[in-house]
Protein chains: 2
Amino acid sequence: MPPQSEPVASTALTPERILEATEEVLRRYGPNKATVVDVARALGVSHGSVYRHFASKAALREAVTKRWLDRTANQLESIVTADAPAPERLRDWLAGLFAAKRRKAGDDPELFATYSALIERLGGGSGLESVVNRHLADLTGQLTRIIESGIRQGTLAAPDPAAAAEAVFSATARFHDPVYAPEWSHPDIEASFTALVDLLLRGLRP
Amino acid sequence: MPPQSEPVASTALTPERILEATEEVLRRYGPNKATVVDVARALGVSHGSVYRHFASKAALREAVTKRWLDRTANQLESIVTADAPAPERLRDWLAGLFAAKRRKAGDDPELFATYSALIERLGGGSGLESVVNRHLADLTGQLTRIIESGIRQGTLAAPDPAAAAEAVFSATARFHDPVYAPEWSHPDIEASFTALVDLLLRGLRP
DNA sequence: TGAATGACAGATTTCAATTTCTGTCATTCA
DNA sequence: TGAATGACAGAAATTGAAATCTGTCATTCA
């Protein structure tokens, strides 16, 4: 029996408020122990009410994960449209992604581990799979736009921008895939990151 | 209680024979259910005898994993010393590593999953960690030698061959790290592989 | 009348009792 | 005499009974 938490101020019950509470509960209890009843209790309502807004616990987890992933994608969007040469934006974008992931992993290891664990199990027809795939498509889409603008500027070259974006993204997996999070605190990781980005940028030179 | 297996012909009990039997037992029962008693039974000896040759079950697992990893490294060694331009050897080596991993994952999923599971948990001071690290060092060492020879030939360029090797190796993680094994049967994976290797080779051009 | 409730059935998780395994070592065997 | 054995203690895994959770829905509430 978890300790009672303060019910949130009793505004109307909205999906957004439920997601807020869900994230808080996940942070507190972790992915295995967080229950729908816990979420309802945090909101001061019965768990039946939660089911009025989300069809299942799985749907709730999908929504809260999507929210979390979208936050990262939105932060990076500003780099895509920045006013700088494409190679510089490409470097900044990759560094930004790495930094965002590292920050999340470092600042709130509980929640990061929680989301990683949620995402990890995307075996069968899990609905999370499509949420994650959409997120990955968002990110490679941003990369594609940077590369395309570089080709227009004449500062980058690639036969197929989307394929190049995918290649760059998977080449840097070590610096953004949560499975490698334990390595992110290694002292030499910055040097490895720089060496890899240098190599990739050389490969994309006109 | 697992079905009795044929005791292997009763030659002298050597570490090599024990490792052979261990691999067989792992293949049959998987990493969770394989016991030292099972290995001893497969050899027709008591489990006490196994402990004469390996100090612990962990040591036995390390040795059998090392054997498995070394087999891959040895196959690739011939590509390193082949008589071909370095860029070609680099491509062949990466393709060889990918093919070897894919073959192992496809031909004997049980055993592959078994070793992946064994390796996966290299959290704390597991002895497996150093076995795996040595393996990774072997592989990046081979890559380093290819790159160095390419620099001597004038067919490749890199400020720091060892750093470049490390960058190439981690850039291709998606095609050799067991955590990505489920993706290896995706139809577009070959195209992704080729696109990435092309990009990396462009980055290493003189 | 539309949102919220809480009792309920079936699914899942937890926990402690029991079984099985690891690693040791005094003894046996050849 | 050196290798092999098997009984044993403590550690780890398994199991199934009990507790908890998910998802539904007839009923209450405002």
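Each chain gets a letter, A, B and so on, in the order its sequence line appears, and its residues count up from 1.
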Q. What is the minimum heavy-atom distance between Ser149(A) and Ala86(A), and which atoms define it?
A. OG-CB, 4.1 Å
Q) Within this structure, what is the CZ-to-P distance between Phe54(A) and dT24(D), rounded to whole angstrom? A) 15 Å
Q. Between dT22(D), dT22(C), dA4(C), which one does the side chain of Val36(B) approach most closely?
A. dT22(C)
Q: May I have the distance from Arg17(B) (atom CZ) to dA4(D) (atom C1'), rounded to whole angstrom?
A: 14 Å
Q) Please give, in whole Å, the distance from dG2(C) C1' to His53(A) NE2? A) 12 Å
Q. Of Lys104(B), His135(B), Lys101(B), which meets side-chain hydrogen bond (donor to acceptor under 3.5 Å, both in side chains) against Thr72(B)?
A. Lys104(B)
**Q.** Tyr51(B), nearest nucleotide to its side chain (from dT22(C), dG23(D), dT5(C))
**A.** dT22(C)
Q. Distance check: side-chain N/O of Ser46(A) vs OP1/OP2 of dT5(C), anything under 4.0 Å?
A. yes
Q. When all nucleic acid strands are considered with a 4.0 Å heavy-atom cut-off, which category describes Thr35(B): base, sugar-phosphate, or nothing?
A. sugar-phosphate
Q: Sugar-phosphate atoms are those with a prime plus P, OP1 and OP2; base atoms are the rest. Using that split, label each nucleotide of nucleotides 9-19 of chain C B, S or - for protein heavy atoms under 4.0 Å, 5' to 3'.
A: -----------
(Q) Under a 3.5 Å threshold, yes or no: a donor from one side chain and an acceptor from the other, between Lys57(A) and Thr35(A)? (A) no
(Q) Which nucleotide wins on minimum distance to the side chain of Val45(A), given the candidates dT5(D), dA4(C), dT5(C)? (A) dT5(C)
Q.
Can a donor-acceptor pair be found, under 3.5 Å and without considering hydrogens, that links the side chain of Thr140(A) to the backbone of Leu136(A)?
A. yes
**Q.** For Arg71(B), side chain to side chain contact (heavy atoms under 4.5 Å, CB included) partners two or more places apart
**A.** Glu23(B), Arg67(B), Trp68(B)
Q.
Tell me if the side-chain of His47(B) makes a donor-acceptor pair with the base of dG23(C), cut-off 3.5 Å, by modelled atom types.
A. yes
Q) How many Å lie between NZ on Lys57(B) and P on dT22(C), as a whole number? A) 4 Å
Q | Distance, rounded to the nearest Å, where Asp38(A) contributes CG and dT20(D) contributes P | A | 13 Å
Q. Taking it one step at a time, do Ser130(B) and Asn133(B) satisfy side chain to side chain donor-acceptor pair (under 3.5 Å)?
A. CA-CA 5 Å; Ser130(B) 68; Asn133(B) 285 342; over 6 Å; no
Q: Considering only NZ, NE, NH1 and NH2 on the basic side and carboxylate oxygens on the acidic side, decide whether Arg28(B) and Glu24(B) come within less than 4.0 Å.
A: yes
Q | Atom pair distance, as rounded to whole Å: CZ in Arg41(A) and P in dG6(C) | A | 13 Å
Q) If a stem is a run of at least 3 consecutive Watson-Crick or G-U pairs, both distances under 3.5 Å, which stems include DNA chain C? A) C:1-30 with D:1-30
**Q.** Distance, rounded to the nearest Å, where Arg52(B) contributes CZ and dG6(D) contributes C1'
**A.** 14 Å
Q: Using atom CG of Leu60(B) as one end and atom C1' of dG23(C) as the other, report the distance to the nearest whole Å.
A: 13 Å
Q) Strictly under 6.0 Å, is that where the ring centroids of Phe175(B) and Tyr180(B) end up? A) no
Q.
So that I can tick it off, tell me whether Glu77(A) and Arg145(A) are bridged by a salt bridge, with the cut-off set at under 4.0 angstrom between side-chain N and carboxylate O.
A. yes
